[in-house]
Amino acid sequence: MYIDLTHYSYLTLLSKRIDLREDCKNLLCLNDKEKTWQHVQQVAKAAQDLAIAYSVDSKSAYICGLLHDISAVIKPEDMKALMKHLQQDLDPAEDTYPFLLHQKISALIAKDYFHINDPMILSAIACHTTLHKQPSPLDMILFLADKIAWDQTGQPPYLKELTAALSHSLEDACLTYINYLFKEGNLLYPHHLLIEAHQYLKGIQS
Ligand SMILES: [Fe+2]
Ligand SMILES: [Fe+2]
């Protein structure tokens, strides 16, 4: 699978590369995604803090945070077309809500535009909305950092419970958040990866 950003004529791309952070900022801000740039900086910081607390590589966590929503520069209607072009099967949830593809497409951009080759980083970016069964500590850190530093106004309603669960384990915190999603009916359409993550996390708790 490969993504070529020059294919999207509406994108402004700088030919000069500086460093990962500046390149990420430029790609987002030159393409009217300043709000996403603010969000990803907060997620990167939250991921870095969680990584330090859980003895996970904090540099990897920071990179995950910076790049996890980089596909915001791609129009949602192009996301489905790209997956079709790459002959990727869609989950019914992605078919109904193509925005759910943004996690996979962010991982593709991280690999092909930012030249990130670490499979642990690419995995965490590719599942930051849904998790998956048997998530790695880095997968869980990015998933949680994205929920702690959410992209909406005010405090997340689940924050207190999630923070309390974090004092126990990453798994417990992920389960707390997914339980919240199912309980509150906040899910647009449950992705099979989210269902598998939920089953796995419930299984290891019992
Ligand atoms: Fe996201
Ligand atoms: Fe995000």
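Indexing begins at 1, ligand by ligand and atom by atom, following the structure's order.
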Any idea which N/O/S atom from H102 gets closest to the Fe ion (ligand 1)?
NE2

May I ask you to test the I148-W150 pair for a side-chain heavy-atom distance under 4.5 Å?
no

Can you name the residues that form a side chain to side chain contact (heavy atoms under 4.5 Å, CB included) with K25, not counting sequence neighbours?
E22, C29, W37

Angle subtended at the Fe ion (ligand 2) by D146 OD1 and H68 NE2, rounded to 10 degrees
90°

The Fe ion (ligand 2): angle it makes with OD2 (D69) and NE2 (H39), nearest 10 degrees
90°

Could you label the plane-to-plane angle of the H68 and H128 rings as parallel, tilted or perpendicular, counting under 30° as parallel and over 60° as perpendicular?
perpendicular

Scan side-chain atoms only and decide if H132 and H192 contain a donor-acceptor pair under the 3.5 Å cut-off.
no

